[in-house]
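Encoded as structure tokens, the structure appears first; notes follow it.
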Amino acid sequence: MNTKYFFPSRISSLAKLNRMLTGEDYKGSKFFIIVDENTYTHCLPVLISRVSALEQAEFFEVPVGEEAKSLEVATQLWGALLDSGADRNSVILNLGGGCVSDIGGFVAAGFKRGIRYINIPTTLIGMIDAAIGGKTAVNVENAKNQVGFFHQPEAVCLHSDFLATLEPKDLVSGVFEMAKTLLLCDKPAFEGVLKLASGSAKIPLDGIASYIPQCVDFKKSVVEADPREKSIRKILNLGHTFGHAIESYLNEKGQPIPHGIAVGIGLKCELYLSVKKLGMSKEIYDEYCRTLHHLCSFPDITLKDTEGILSYMRQDKKNADGLILCVLLQEVGAPVIDVAIDENEIRDALLKASKF
């Protein structure tokens with residue numbers, strides 16, 4: 001299935017979405033909107049006022065953040081859909097960040113063996129990553145994305161005005177996902193984002209938003225080449241082998257951090273190993289570290305912490321034959337997938353992560 005992408009132009013992306021939903025393909029469809037507390041307040045009124053096709057839609061609210069991504073929440077949503085008379089012609093619209101699109105896509109994939117859904121990302125991390133590609137998942141026992149489906153959205157609607165509703169930490173999270181994407185494909189753009197992000201106390205929205213189409217186009221091309229992550233799509237996991245484990249471990253400790261910031265720390269670890277194992281330029285690593293430490297702070301990682309993080313890395317779904325596998329870089333734009341890293345290398349990288 002070819003996902004449609006609606007970018008703002010002389011016609012707004014929401015107007016394009018309305019045109020699609022009032023078309024013949026959606027005649028007689030029931031619409032259900034999944035929101036969290038933040039998007040219910042800040043984004044749902046905008047969506048309803050701009051998309052007349054959704055005036056009679058029902059909405060379901062899920063918890064904010066990773067708490068939404070559970071089998072319990074999915075079961076509640078399936079029950080709510082059944083109670084509301086949803087059928088195989090119904091459509092779910094996910095209005096929110098990555099957690100909303102993950103749980104909404106998961107629910108759509110499982111309901112009636114798969115119904116249509118549309119992502120309307122409201123965060124930077126959602127616009128450039130989570131809403132694209134059809135990977136849907138829930139967490140199990142603090143471990144990230146352990147149960148899920150590949151189920152492509154009918155459309156992704158990118159309304160960049162929603163970025164103005166974000167808290168600074170959520171914008172920072174998106175910047176790290178953007179840096180990850182551009183490390184895979186475009187050194188000047190990667191350096192441009194770092195310069196924008198570290199150039200002042202406040203990240204400039206217009207400047208950062210100008211890189212969204214490039215990030216979307218790159219991820220879209222990778223997904224189309226490898227929709228079920230058998231080969232090239234694995235490059236999109238750069239920063240995530242470490243990042244997911246750090247996020248899960250800190251959540252277990254009661255010190256949760258946003259997903260994108262965990263990926264940012266994971267990127268530091270994997271760039272460090274890229275220098276050591278593949279000879280990547282240390283200048284790239286140093287430049288990235290300066291931006292990372294300008295944008296966020298995080299707790300020191302002790303030797304005891306490395307063992308807890310390692311326990312999550314051993315569960316990573318990308319592992320094979322008992323080996324922990326990682327994406328590393330030879331240089332910007334030259335990723336290498338399935339690089340085996342031993343546990344002492346992991347400990348070394350983690351202990352360096354909290355220091356500059």
Side-chain angles (χ1 to χ4, degrees), residues 1-6 13-41 43-64 67-122 126-127 130-138 147-159 162 223 227:
M1 185 197 78
N2 291 321
T3 301
K4 298 180 176 68
Y5 290 86
F6 299 138
S13 53
L14 293 178
K16 295 173 186 176
L17 175 64
N18 191 56
R19 183 183 298 168
M20 184 181 84
L21 296 183
T22 54
E24 193 66 28
D25 287 347
Y26 293 86
K27 188 175 182 180
S29 296
K30 287 187 175 182
F31 299 118
F32 299 90
I33 306 170
I34 296 180
V35 297
D36 63 19
E37 181 182 353
N38 295 327
T39 57
Y40 171 75
T41 301
C43 305
L44 184 61
V46 175
L47 179 66
I48 298 301
S49 67
R50 303 277 189 89
V51 183
S52 60
L54 299 177
E55 288 175 356
Q56 303 302 315
E58 293 186 48
F59 71 89
F60 305 132
E61 185 174 325
V62 298
V64 174
E67 190 181 342
K69 291 173 53 176
S70 72
L71 288 169
E72 291 77 14
V73 171
T75 300
Q76 291 167 9
L77 289 169
W78 284 322
L81 287 167
L82 288 170
D83 290 344
S84 297
D87 57 25
R88 296 193 71 181
N89 196 37
S90 297
V91 181
I92 291 175
L93 297 100
N94 301 316
L95 181 66
C99 293
V100 171
S101 61
D102 269 2
I103 186 64
F106 182 88
V107 167
F111 190 73
K112 306 285 187 181
R113 298 194 178 97
I115 63 171
R116 293 179 292 180
Y117 76 103
I118 293 164
N119 286 331
I120 310 170
T122 60
M127 290 180 190
I132 304 162
K135 285 170 70 173
T136 73
V138 295
V147 178
F149 307 99
F150 287 99
H151 187 49
Q152 296 292 340
E154 289 281 309
V156 178
C157 180
L158 297 140
H159 183 65
F162 286 143
V223 169

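Residue numbers count from 1 along this sequence. All values below come from the heavy atoms of this structure, side chains included, with hydrogens, waters and symmetry mates left out.
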Between the main-chain N or O of Phe149 and the side-chain N or O of Thr136, is there a donor-acceptor pair closer than 3.5 Å? yes
Heavy-atom donor-acceptor pair, Glu154 side chain to Thr3 backbone, under 3.5 Å: no
Note: Leu54 and Ile48 closest approach over all heavy atoms is O-CD1, 3.5 Å
Using only atom types and a distance under 3.5 Å, with no angle test, would you say the side chain of Thr39 pairs donor to acceptor with the backbone of Val35? no
Taking the six-membered ring of Phe6 (Phe, Tyr or Trp), confirm whether the NZ or CZ of Arg19 is under 6.0 Å from its centre and within 45° of its axis. no
How long is the straight-line distance from CG of Leu81 back to CD1 of Ile115, given to the nearest 0.5 Å? 6.0 Å
If I take atom CD1 from residue Ile103 and atom CG from residue Asp36, how far apart are they, to the nearest 0.5 angstrom? 12.5 Å
Looking at Leu14 and Val51, what are the two nearest heavy atoms and their distance? O-CG2, 3.7 Å
Backbone N or O of Val107 within a donor-acceptor pair of the Tyr117 side chain at under 3.5 Å? no
Smallest separation among heavy atoms of Val156 and Pro121, with atom names: CG1-CD, 4.1 Å
Hey, does Pro227 have a side-chain heavy atom less than 4.5 Å from the side chain of Phe150? no
For Glu61, look at atom CD and say whether over 12 heavy atoms of other residues, nucleotides or ligands are found less than 6.0 Å away. yes
Mind listing the closest non-hydrogen atom pair of Ala68 and Val62 along with its distance? CB-CG2, 3.9 Å
Rounded to the nearest 0.5 angstrom, the CD1-CD1 distance for Ile33 and Ile120 is 7.0 Å
Looking at NZ of Lys4 and CG of Leu17, how far apart are the two atoms once the value is rounded to the nearest 0.5 Å? 11.0 Å
Sequence neighbours excluded - side chain to side chain donor-acceptor pair (under 3.5 Å) pairs with any residue from residues 75-85: Glu58-Ser84
Would you check if Phe162 and Val46 make a side-chain contact, meaning some heavy-atom pair closer than 4.5 Å? yes
Backbone of Ala53 reached by a side-chain donor or acceptor of Asn18 within 3.5 Å: yes
Not counting sequence neighbours, which residues clear side chain to side chain contact (heavy atoms under 4.5 Å, CB included) with Ala80? List them please. Phe60
Side chain of Ser29, backbone of Asn89: donor and acceptor closer than 3.5 Å? yes
Roughly how far, to the nearest 0.5 Å, is CD1 of Ile92 from CZ of Phe111? 7.5 Å
How long is the gap from NZ on Lys69 to CD on Glu72, to the nearest 0.5 Å? 14.0 Å
What are the two closest non-hydrogen atoms of Ser13 and Cys157, and how far apart are they? O-SG, 3.5 Å
Evaluate Leu95 against Val100 for side chain to side chain contact (heavy atoms under 4.5 Å, CB included), listing each step before the verdict. CA-CA 7 Å; Leu95 181 66; Val100 171; 5.7 Å; no
Nearest non-hydrogen partners of Leu82 and Lys112, listed with the distance: CD2-NZ, 4.2 Å
Using the rule given for side chain to side chain contact (heavy atoms under 4.5 Å, CB included), can you reason through Ile118 versus Leu21, listing the C-alpha separation, both sets of side-chain angles and the distance that settles it, and then say yes or no? CA-CA 10 Å; Ile118 293 164; Leu21 296 183; 3.7 Å; yes
Test side chain to side chain contact (heavy atoms under 4.5 Å, CB included) on Leu77 and Phe106 and set out the steps. CA-CA 10 Å; Leu77 289 169; Phe106 182 88; over 6 Å; no
